[in-house]
Amino acid sequence: MYHWDWMKNEHALAVAEWTYDAPLTHLNIQEDENALDHFLNPFNWRNRFAVFKEEALIGYVDFRLKSEAEAEVYLQLHPELLGQGEGIHLAREAMGISRKQYDLMLLIARPDPDFAPAVRLCEKLDGKRKTNQEKLYYEWTFTR
């Protein structure tokens with residue numbers, strides 16, 4: 001049902017066109033020239049995956065590796081799918097990718113605190129709630 005592939009130009013161009021309403025307007029990549037240039041640059045795709053449901057691009061997952069055993073994960077779901085329960089599937093797929101591709105021991109997510117569904121998603125996935133300098137984040141630990 002869900003599958004993933006390395007980010008390709010066609011996927012990045014499609015994601016760059018997605019538009020979000022408040023409070024997520026900061027995700028509108030096309031509105032910030034620097035963010036758009038960074039997002040569309042293939043040199044930045046080393047750890048970025050497009051995620052599909054059947055053949056439709058539903059989101060992407062980006063891993064920011066901190067070490068061989070630790071990464072921060074960033075997820076973005078297609079705006080038309082927000083609030084429909086797809087976020088949990090995308091997050092579970094991200095966890096699967098992290099295990100298959102990187103064999104991580106620690107995965108960290110920093111949900112947008114202004115978007116309550118992202119925080120609830122981390123809690124549903126049994127992330128360990130933490131704060132650092134008043135910023136909320138969640139951790140998942142794995143054994144190798």
Side-chain angles (χ1 to χ4, degrees), residues 1-130 135-144:
M1 185 175 198
Y2 295 89
H3 65 278
W4 53 271
D5 195 3
W6 295 100
M7 182 67 74
K8 293 182 174 69
N9 191 54
E10 65 204 55
H11 309 141
L13 289 170
V15 170
E17 293 299 317
W18 294 351
T19 56
Y20 296 84
D21 296 327
L24 301 176
T25 55
H26 63 279
L27 298 177
N28 296 334
I29 299 168
Q30 72 281 6
E31 294 179 12
D32 180 337
E33 190 173 321
N34 290 332
L36 183 62
D37 288 344
H38 179 81
F39 188 80
L40 294 177
N41 185 336
F43 291 106
N44 298 320
W45 301 347
R46 174 179 278 168
N47 299 300
R48 191 174 295 161
F49 301 86
V51 179
F52 302 87
K53 180 178 181 181
E54 296 161 5
E55 297 303 315
L57 177 64
I58 67 158
Y60 76 90
V61 179
D62 195 356
F63 294 96
R64 295 165 187 164
L65 300 177
K66 303 295 182 187
S67 71
E68 285 185 22
E70 179 181 338
E72 287 189 17
V73 62
Y74 177 82
L75 311 173
Q76 191 163 330
L77 185 65
H78 191 289
E80 292 177 5
L81 300 175
L82 294 174
Q84 297 180 22
E86 292 294 339
I88 196 151
H89 299 293
L90 180 62
R92 285 187 178 133
E93 196 66 27
M95 287 184 167
I97 293 168
S98 76
R99 300 294 293 149
K100 290 175 188 169
Q101 284 299 123
Y102 303 107
D103 193 27
L104 298 173
M105 294 180 70
L106 180 64
L107 185 63
I108 300 167
R110 299 181 190 283
D112 183 337
D114 294 328
F115 190 58
V119 173
R120 284 194 305 269
L121 176 67
C122 289
E123 291 171 359
K124 282 183 186 178
L125 293 170
D126 297 323
K128 185 174 181 182
R129 185 183 179 111
K130 297 197 167 200
K135 293 186 180 181
L136 174 68
Y137 67 100
Y138 289 83
E139 288 185 348
W140 292 265
T141 55
F142 309 104
T143 56
R144 287 187 167 175

**Student:** Under 6.0 Å between ring centres, would you say that holds for His26 and Phe115?
**Tutor:**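 Ring centroids of His26 and Phe115 are no less than 6.0 Å from each other.
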**Student:** Picking from Val51, Leu90, Val61, what satisfies side-chain contact (heavy atoms from CB on, under 4.5 Å) with Trp4?
**Tutor:**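 Single pass found, and it is Val51.
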**Student:** Quickly, which of Ile29, Leu57, Asn28 forms a side-chain contact (heavy atoms from CB on, under 4.5 Å) with Trp18? Name it, please.
**Tutor:** Leu57
**Student:** Between Lys53 and Met1, does a side-chain contact (heavy atoms from CB on, under 4.5 Å) hold up when you go through it step by step?
**Tutor:** CA-CA 6 Å; Lys53 180 178 181 181; Met1 185 175 198; 3.4 Å; yes
**Student:** For a side-chain contact (heavy atoms from CB on, under 4.5 Å) check, start with the C-alpha distance between Trp45 and His11, then their side-chain angles and the critical distance, and finish with the verdict.
**Tutor:** CA-CA 11 Å; Trp45 301 347; His11 309 141; over 6 Å; no
**Student:** Does Arg46 CZ have over 12 foreign heavy atoms under 6.0 Å away?
**Tutor:**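 At most 12 heavy atoms, drawn from other residues, nucleotides or ligands, come within 6.0 Å of this atom.
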**Student:** Enumerate the salt bridge (charged side-chain N to carboxylate O under 4.0 Å, His left out) contacts for residues 16-40, please, sequence neighbours excluded, ordered by first and then second residue.
**Tutor:**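 Matches after skipping sequence neighbours: none remain.
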**Student:** Measure the shortest side-chain to side-chain distance between Val73 and Ile97 over non-hydrogen atoms and say whether it is less than 4.5 angstrom.
**Tutor:** no
**Student:** Quick one, Tyr138 with Arg129, criterion side-chain contact (heavy atoms from CB on, under 4.5 Å). Give me CA distance, side-chain angles, the key distance, then yes/no.
**Tutor:** CA-CA 5 Å; Tyr138 289 83; Arg129 185 183 179 111; 3.0 Å; yes
**Student:** How far apart are the closest heavy atoms of Ala91 and Leu121, and which atoms are they?
**Tutor:** CB-CD2, 3.9 Å
**Student:** Which heavy atom of Arg99 sits nearest a heavy atom of Leu104, and at what distance?
**Tutor:**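 Closest heavy-atom pair between Arg99 and Leu104: NH1-O, 2.8 Å.
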**Student:** Measure from the ring center of Trp6 to the ring center of Phe49 and say whether it is less than 6.0 Å.
**Tutor:**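 Yes - the distance between ring centres of Trp6 and Phe49 falls below the 6.0 Å cut-off.
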**Student:** Using distance alone, with no hydrogens and no angle criterion, decide if Glu72 and Tyr74 have a side-chain donor and acceptor under 3.5 Å apart.
**Tutor:**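 On atom types as modelled, these side chains do not qualify, holding no pair under 3.5 Å.
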**Student:** So for atom NZ, which belongs to Lys128, do other residues, nucleotides or ligands contribute more than 12 heavy atoms lying within a distance under 6.0 Å?
**Tutor:** no
**Student:** Would Phe39 and Tyr60 count as a close aromatic pair, with their ring centres under 6.0 Å?
**Tutor:**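 Yes; Tyr60 has its ring centre under 6.0 Å from that of Phe39.
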